[in-house]
Amino acid sequence: MKFARPRGTNDIFGEQAASWRRVENALAVYLRSCGYREIRTPIFESTELFVRAVGEATDIVTKEMYTFADRKGRSLTLRPENTAPVMRAYLENGLYRGGGVARFYYIGPMFRYDRPQAGRFRQFHQIGIEALGSGGPAIDAEIIDVSIGLYRVLGFPPLEVRLNSVGCAVCRSKFREVLTASLIGFKGGLCDSCRERMETNPLRIFDCKECSAVKEKLPVITDHLCGECSDHFIALQGILTSIGIRYVLDPLLVRGLDYYTRTAFEILHPFLGAQNALCGGGRYDGLAEDCGGPRIPAIGFSAGLERLMEVLPGESDAARHERETDVCFAVLDEASVARSLSLARELRDRGLSVVVDLSGRTIKKQLKGASDAGAALAVIVGLAELEPGTVALKKMKTGEQRPVRDVALIAETLKEMELTDE
RNA sequence: GUGGACGUAGCUCAGCUUGGUAGAGCCCUGGAUUGUGGUUCCAGUUGUCGCGGGUUCAAGUCCCGUCGUCCACCCCA
């Protein structure tokens, strides 16, 4: 084989594609019911958007973006995430002018140049929502509630929700000083990479798995929030509790994108292996300004579809066995092709899924094809023993077949389909 | 970017330790059934052993390189 798919990408087809379609449809219906409307933004954006929004020093920007120059030399990047593009579209189209909270959902492919691993791909798919225009803790609770519902509507058992507040720019810079001061005392107990992190990004030390002994003794961000951030976090927890949402406080939860402020959360799944976050999100109150717009508080989350599909609970038999093809035409000779196509079109107009076998294979193969496709009925066109203008209508389940005049085929087929479905 | 395992038929894999004419199941093809699928029986084809180089009389098997897959680190959804 000369060509193989690019590293870290997947072909999705057959029953798997059908399953993806069912899940995407179910989630779109659910998010619509929550008041979120779809937004479709370009697959690529100007590189500068992601550099500014996600953060110059982040892993995503420094080593994971698919960036290229177009024919006029403009630097473009395949979107590594979709919060920045949604914000860009929101600002560019003046969607904040109506006031109130704008609610969007999106679904589609994202691209990050990472080493592929279980649950991690170079092209992967996310479904996410963004609520722009409210800074209050109630919308944070709504977002978390909606994210939990995503898994509930798909039949997942209750999943673990991790919650933290990473503060605003003010409390974060103060905490960074406190943390760095504390780290000096523990320097000997840190691994090599964490010693580097002390200088570059001390907050990241909380992600390290080797230095857990030290981590437990370090100060945590939630003890060093400013008054407003602290009030917000406490209020959010109050709302979550009163609407019956269970969560685990995780002061070590850090988001990898620079735009996050205050609320940060993740939904975890126990069987996913190392990449166990099904969904992650948080507040990004500074992003609109960073993108050159007015100050607009906002919050959102995004969920990885590959990871979701990996642990999707078994779908109902009704969903899995839904017939893909209702009627297959077996065409015995070249002269019957046009007639078959014409009859098939009439059946399709009545809402049936109809496939005409144009392979020119033997009738044996064509009926086997009909059988493999799960068709309820086969229409055999071109049998020499039948009168002109007549086809054979065969019930696949029982094998019975009878001659039917072309003009009566639609009515007879619909009648058989009704009987079959009972 | 780092580490480990793996790469053989369309698919799932055995064969490699100890070098000697490439295998199984499924699928596919033909027949039993001379235009009629599913069950059964019989027969048959599965092939650049990832790619390149090396050692050897001889390499799927040993060695080196390379590409890819999976898993972990890292990062994140």
Side-chain angles (χ1 to χ4, degrees), chain A residues 1-10 14 54 58-64 79-83 106-128 147 150 191-194 196-197 201 204 207-210 253-257 260 264-269 272-282 300-311 328 330-333 336 357 360-386 392-401:
Chain A
M1 183 42 153
K2 193 168 180 182
F3 296 106
R5 62 179 174 272
R7 189 151 199 221
T9 63
N10 291 116
V54 175
T58 58
D59 279 6
I60 290 178
V61 169
T62 56
K63 53 191 189 192
E64 295 178 4
R79 61 185 186 192
E81 58 93 55
N82 210 33
T83 296
Y106 60 82
I107 185 165
M110 309 293 159
F111 306 85
R112 291 184 202 173
Y113 188 92
D114 234 359
R115 189 87 176 256
Q117 191 184 326
R120 191 170 75 187
F121 306 94
R122 290 184 174 178
Q123 174 172 337
F124 59 102
H125 298 78
Q126 290 187 329
I127 187 163
S147 73
L150 220 53
C191 69
D192 291 346
S193 51
C194 279
E196 273 182 46
R197 291 189 182 110
N201 193 351
R204 284 244 149 268
D207 278 340
C208 182
K209 280 159 191 166
E210 289 176 41
L253 174 62
V254 182
R255 310 257 73 222
L257 291 74
Y260 284 112
F265 73 98
E266 284 184 354
I267 295 180
L268 271 28
H269 194 284
L272 269 177
Q275 311 296 324
N276 64 345
L278 269 178
C279 163
F301 71 75
S302 107
L305 286 174
E306 281 80 2
R307 292 181 190 178
L308 187 161
M309 297 306 294
E310 188 65 33
V311 290
C328 282
V331 186
L332 269 45
D333 51 53
S336 304
D357 194 323
R361 299 182 287 181
T362 61
I363 184 172
K364 192 185 179 82
K365 294 285 163 47
Q366 295 194 46
L367 284 172
K368 180 164 165 48
S371 194
D372 291 345
L377 298 171
V379 177
I380 305 169
V381 190
L383 286 171
E385 64 270 27
L386 295 181
L393 183 60
K394 182 182 181 75
K395 288 201 269 190
M396 295 305 288
K397 196 170 180 179
T398 62
E400 299 168 60
Q401 93 183 40

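Nothing here was measured: the structure is a model prediction, and the numbers come from that model. Letters A, B, ... are given to chains in the order of the sequence lines, protein chains preceding strands, and every chain is numbered from 1.
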Q: Keeping A:Thr62 on the side-chain end and A:Thr58 on the backbone end, is there a donor-acceptor pair under 3.5 Å?
A: yes
Q: Shortest non-hydrogen contact from A:Leu386 to A:Ala392?
A: CD1-N, 3.8 Å
Q: For the pair A:Arg307 (side chain) and A:Asn276 (backbone), establish whether a donor and an acceptor sit closer than 3.5 Å, ignoring hydrogens and angles.
A: no
Q: What string of B, S and - do you get for nucleotides 25-30 of chain B 5' to 3' if you count protein non-hydrogen atoms under 4.0 Å?
A: ---SSS
Q: Go through the N and O atoms of the side chain of A:Arg115 and the base of B:rC70, and report whether any donor-acceptor pair is under 3.5 Å.
A: no
Q: Considering only side-chain heavy atoms of A:Met396, which listed nucleotide, B:rU36, B:rG37, B:rA77, is closest?
A: B:rG37
Q: Checking contacts here: which listed nucleotide (B:rG38, B:rA77, B:rU36) is nearest the side-chain heavy atoms of A:Arg120?
A: B:rA77
Q: From the set B:rG35, B:rU36, B:rC76, return the single nucleotide nearest to any side-chain atom of A:Ile380.
A: B:rU36
Q: Name the residue from A:Arg120, A:His125, A:Gln126 that meets the side chain to side chain donor-acceptor pair (under 3.5 Å) definition with A:Glu306.
A: A:His125
Q: When the distance from CD of A:Glu81 to C1' of B:rA77 is rounded to whole Å, what number comes out?
A: 11 Å
Q: Please name the nucleotide paired to B:rG3 by Watson-Crick or G-U wobble geometry with both distances under 3.5 Å, or report none.
A: B:rC71
Q: How would you label the contact of A:Phe121 with the nucleic acid (heavy atoms, under 4.0 Å): base, sugar-phosphate, or nothing?
A: base
Q: Nearest nucleotide by nearest heavy atom, which residue falls closer to the 5' end of RNA chain B, A:Gln275 or A:Gly119?
A: A:Gln275
Q: Hey, is the main chain of A:Pro109 close enough, under 3.5 Å, to the side chain of A:Arg79 for a donor-acceptor pair?
A: yes
Q: Could you tell me whether A:Ala277 contacts a base, only the sugar-phosphate backbone, or nothing, with contacts defined as non-hydrogen atoms closer than 4.0 Å?
A: sugar-phosphate
Q: Hey, what do you get for SG (A:Cys279) to CD1 (A:Ile127), rounding to the nearest 0.5 Å?
A: 10.5 Å
Q: Between A:Lys394 (side chain only) and A:Gly399 (backbone N and O only), is there a donor and an acceptor less than 3.5 Å apart?
A: yes
Q: Can you find a donor-acceptor N/O pair under 3.5 angstrom joining the side chain of A:Arg7 to the base of B:rU69?
A: no
Q: Any donor and acceptor pair, going by atom type alone, linking the side chain of A:Arg112 with main-chain N or O of A:Pro80 inside 3.5 Å?
A: yes
Q: Nearest to the side chain of A:Leu367, heavy atoms from C-beta on, is which of B:rG35, B:rG37, B:rC75?
A: B:rG37
Q: Using the closest heavy atom to pick a nucleotide of RNA chain B for each, name whichever of A:Asn276 or A:Gly8 lands nearer the 5' end.
A: A:Gly8
Q: For A:Leu383, which contact category applies under a 4.0 Å heavy-atom criterion: base, sugar-phosphate, or nothing?
A: base
Q: Using a cut-off of strictly less than 4.0 Å, decide whether A:Gln117 has a side-chain nitrogen or oxygen near OP1 or OP2 of B:rC70.
A: no
Q: Is the base of B:rU36 touched by the side chain of A:Gln401 through a donor-acceptor pair closer than 3.5 angstrom?
A: yes
Q: Once you apply the 3.5 Å cut-off to both distances, tell me the Watson-Crick or G-U wobble partner of B:rC16, or none.
A: none
Q: What are the two closest non-hydrogen atoms of A:Phe265 and A:Leu253, and how far apart are they?
A: CA-CD2, 3.7 Å
Q: Under 4.0 Å between any heavy atoms, over every strand shown, what does A:Leu278 touch: base, sugar-phosphate, or nothing? Just pick one.
A: sugar-phosphate
Q: So what does A:Glu400 touch, heavy atoms closer than 4.0 Å: a base, only the sugar-phosphate, or nothing?
A: nothing
Q: Of the nucleotides B:rC75, B:rG37, B:rA72, which has the atom closest to the A:Asp114 side chain?
A: B:rC75
Q: Nearest to the side chain of A:Arg112 - B:rU36, B:rA72, B:rA77?
A: B:rA77
Q: Among B:rA77, B:rC75, B:rG38, which is the nearest nucleotide to the side chain of A:Ser371?
A: B:rG38
Q: Anything under 3.5 Å between a protein N or O and an N or O of nucleotides 41-43 of chain B, put it in a table, one pair a line.
A:
none

Q: For A:Glu310, I'd like to know if atom CD has over 12 heavy atoms of other residues, nucleotides or ligands within 6.0 Å.
A: no
Q: Using a 4.0 Å heavy-atom cut-off across all strands, classify A:Gly369 as base, sugar-phosphate, or nothing.
A: nothing
Q: Sequence neighbours left out, what pairs pass side-chain hydrogen bond (donor to acceptor under 3.5 Å, both in side chains) with at least one residue falling in residues 360-383 of chain A?
A: A:Asp357-A:Arg361, A:Ser359-A:Arg361
